[in-house]
Structure formats: C-alpha cells, structure tokens
Number of protein chains: 2
Amino acid sequence: MELSCKTEYALLALLELTNHYSSGEPLQIRQIAAEQNIPDRYLEQLLATLRRGGLVRSQRGAKGGYVLAREPWKINVLEVVNCIEGQDAQATDAGREAKTVEGMVIWEVWQEAGQAADSVLQRQTLQDLADKRESRCRLDIMYYI
Amino acid sequence: MELSCKTEYALLALLELTNHYSSGEPLQIRQIAAEQNIPDRYLEQLLATLRRGGLVRSQRGAKGGYVLAREPWKINVLEVVNCIEGQDAQATDAGREAKTVEGMVIWEVWQEAGQAADSVLQRQTLQDLADKRESRCRLDIMYYI
DNA sequence: CAAAACCCCGGTGGAGAACCGGGGTATACT
DNA sequence: AGTATACCCCGGTTCTCCACCGGGGTTTTG
C-alpha cells in the first residue's frame, strides 16, 4: 500500500501545524516547507486542497499563514487522506462497474481490505501522531544519557 | 486503495483456473481471456509472472495451457497480489528512508494500515472466492424462480 | 513436418505524480 | 496611499509507469 508524496507531505505539514497549535499563530508555507524539507510551491498546492477540505484555515497578507481548522485530536488521518487523494481513495466503485460476478466478488474482497486499512487510519488523530513523535524524541534523549 | 487492472485480471484468471481445477485439463490463455474479457497479450504476461511466482504451471505446445500449481484452498489472495505487484506491495521501506521522526511516525501508521489490509487478503483463498461466486449465482437463480 | 500455444523481449501511448512559474489579490504596516 | 508580505489561482512541464501490443523463438502433439 503506497504512501504517496502528496499524503506524506500533507501529514507532515499538519503535524507541524499541530506542534504549533498551542501558540495560535499562523505558520507560513515557507516555514513548514523548510522544517520538513517539502518543495514549497507543491506544499502551497496541498495546503490549498486542505483548506478547501476544511482541515486548515488560512490568513492572507503580511503575518499570514495557516492554522489547523480544528483541534488536532479531532482530525483523523483518514479524513486527511480522503481530502488529499480525493474521495476516490475510498469509493472507486463508481468508475469500475464489475461486469461479471467474478469481478464483483473480487471487488468486494478488495473493498473489505480497504476498509480494514481505513479503519486503522481513522483511529489515529493528528494528536496521536504528535504524541508518538514526542515519546520517540524522549526515547532518543534517554539513549544519550 | 486502488485495485489495479493487473491484480484484477490475475485474480479473474486464477478464478477461471479454480473453476476448471477438478477437470485437471490445462486452460489456454485465449480461453481465459475470452471468458473474462481480458486482453490476451496482457494476460500472457501476467500468467508468466504467476508461473515464475509458483502459483500456476504451464504446458507448452498443442493442447497446452495453464493449471493451478496448488489446490485452490491453498492459494490466498495476498500471495497473488504480492506476486503480481511485486514484494514492494508489502515492504517499500527500503526505498523510503524516513529522514525525520515525523516521517517515521507517519510511515509506521501507514504500515499498520497496510498490514490490516494484507491480513484481510491473506484470509481469502481462491476457493473462498469461487464459493462466494457460486452462492452469488445461486442467489440469482432463486430470483428467477 | 505443421500447427498450436506458451515464451521472451522490447516497444508505445497516455495518464497522472511530482513539482514549478507567473501573475493576481488580500492584509498589515508605515 | 504605497509597499511588502504571503496566500490564491491557473496552467504548465517532465518523467514514470500502467495498460497493452507486436514480432520472433521454442516446445509439444499429432
């Protein structure tokens, strides 16, 4: 199961915004891009998609930037993926009319697998990811002691 | 989660071979292709991959064709997918070295989702799919009575 | 020997992923 | 009002790879 650059960059950006959430200040595209080594013109595009999907809010002009649209514990990974990849990451049955019974049976098994994966992603919020990152950093520090 | 044409065609072909398994006779590429509406030059390629992966056996020359290499209840959907898409459908961590802790955290969540999907596919054998197909056909017949 | 059917290898066209450039618009600050 | 900053919008490019195909070779049967 391929993790696309788009999805990875989107999640990295949202994690940055999560880490910055308590300050309430907008974070600029170029700051996020520099911090996470993301091409900033591309990130601009992804953030626009996230804004249209209601996951972030933007502020134009001087002192502008992006903030999360909701608390990080209320944004789960699945909705990020669906926003970035399009709803077709979930329900591609519209374009793929199974012509035979066999095709339908295969399709259903595939859907079931997809739903199992989605279920995992839906259980993870941005806050969970940020917490994992925190505990990972803490482990690293303990190695140095 | 995208079901590629490759995987779908491979599974359709293997289902045909499953339905034909009890006869013990090889099934020709062009027969399978016609039955399931698969481009036969492409199917040839896919069956070659399945043969190299040990899922089917081939017989060259007149009266030749393909048979399953094992009993249909001993071949699960996950190994078909891995054979067709390559092992990278499972372990793409080799090419994607996460440079930051954030990247690693995201990657792990993604792996977990992939494993949930794989687990579903691993539980389904070709026999299971064939049985589902059978009961689906029986349902259709009951609608006509 | 001839026909049938797999085997092998390389190729093409088109879609889309990854990324970028240029110009416009909104906002804060002086 | 003017200027600088930073998002907004739209379109474009290059490259990869998916889906599929063509041509010729090799094996097997009758």
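From a predicted model like this one, the values you see are computed outputs, not experimental measurements. Throughout, a chain's letter reflects where its sequence line sits, starting with A, and its residues are numbered from 1.
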side-chain contact (heavy atoms from CB on, under 4.5 Å) between A:Val77 and A:Thr125, intermediate numbers included: CA-CA 6 Å; A:Val77 174; A:Thr125 66; over 6 Å; no
Atom-to-atom span, [atom1] of [X] to [atom2] of [N] - whole angstrom:
| X | N | atom1 | atom2 | answer |
| --- | --- | --- | --- | --- |
| B:Asp40 | D:dC20 | CG | P | 12 Å |
| A:Asn37 | C:dA18 | CG | C1' | 14 Å |
| B:Leu47 | C:dC7 | CG | P | 9 Å |
| A:Glu8 | C:dC19 | CD | P | 10 Å |
| A:Gln31 | D:dA6 | CD | P | 8 Å |
| A:Leu43 | C:dC20 | CG | P | 11 Å |

NZ/NE/NH1/NH2 to OD/OE distance under 4.0 Å, B:Glu35 and B:Arg30: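 Here B:Glu35 does not pair with B:Arg30 in a salt bridge, since their nearest N and O are not under 4.0 Å apart.
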Presence of salt bridge, B:Glu102 and A:Arg136, under 4.0 angstrom: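 Looking at B:Glu102 together with A:Arg136, the answer is no, because their closest N to O distance does not fall below 4.0 Å.
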Any donor and acceptor pair, going by atom type alone, linking the side chain of [X] with main-chain N or O of [Y] inside 3.5 Å?
| X | Y | result |
| --- | --- | --- |
| B:Thr7 | B:Ser4 | no |
| A:Gln31 | A:Gln28 | yes |
| A:Thr18 | A:Leu14 | yes |
| B:Asp118 | B:Gln115 | no |

Are OP1 or OP2 of [N] and a side-chain N or O of [X] less than 4.0 angstrom apart?
| X | N | answer |
| --- | --- | --- |
| A:Arg30 | D:dA6 | yes |
| B:Tyr9 | D:dC20 | yes |
| A:Ser58 | D:dC8 | yes |
| B:Arg51 | C:dC7 | yes |

5' priority, DNA chain D, between B:Arg60 and A:Tyr66 [closest heavy atom]: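 Mapping each residue to its closest nucleotide by heavy atoms, the 5'-most match is A:Tyr66.
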Modelled atom types, side-chain donor and acceptor of A:Lys74 and A:Gln127, under 3.5 Å: no
Where B:Ile84 and B:Lys6 come nearest, the two heavy atoms and their spacing: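 Heavy atoms only, the tightest pair is O-NZ, 3.5 Å.
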Distance-minimising heavy-atom pair for B:Leu121 and A:Ala113: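 Residues B:Leu121 and A:Ala113, closest heavy atoms: CD2-CB, 3.8 Å.
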Minimum-distance nucleotide (side-chain atoms of A:Arg41 versus C:dG22, C:dC7, C:dC20):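 Of C:dG22, C:dC7, C:dC20, C:dG22 is nearest to the side chain of A:Arg41.
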Side-chain-base donor-acceptor pair under 3.5 Å for B:Glu44 and D:dC20: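 Such a pair does not exist between side chain and base.
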5'-most by nearest nucleotide on DNA chain C - A:Lys63 or A:Pro39: A:Pro39
First of A:Gly61 and B:Gln59 reached from the 5' end of DNA chain C, by closest nucleotide: B:Gln59
Using a cutoff of under 3.5 Å, can you pull out all pairs of nitrogen or oxygen atoms linking the protein to nucleotides 12-18 of chain D, with atom names and distances?
none

Interface with DNA chain C, restricted to residues 21-29 of chain B and to heavy atoms under 4.0 Å: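 Contacts with DNA chain C under 4.0 Å: B:Gln28, B:Ile29.
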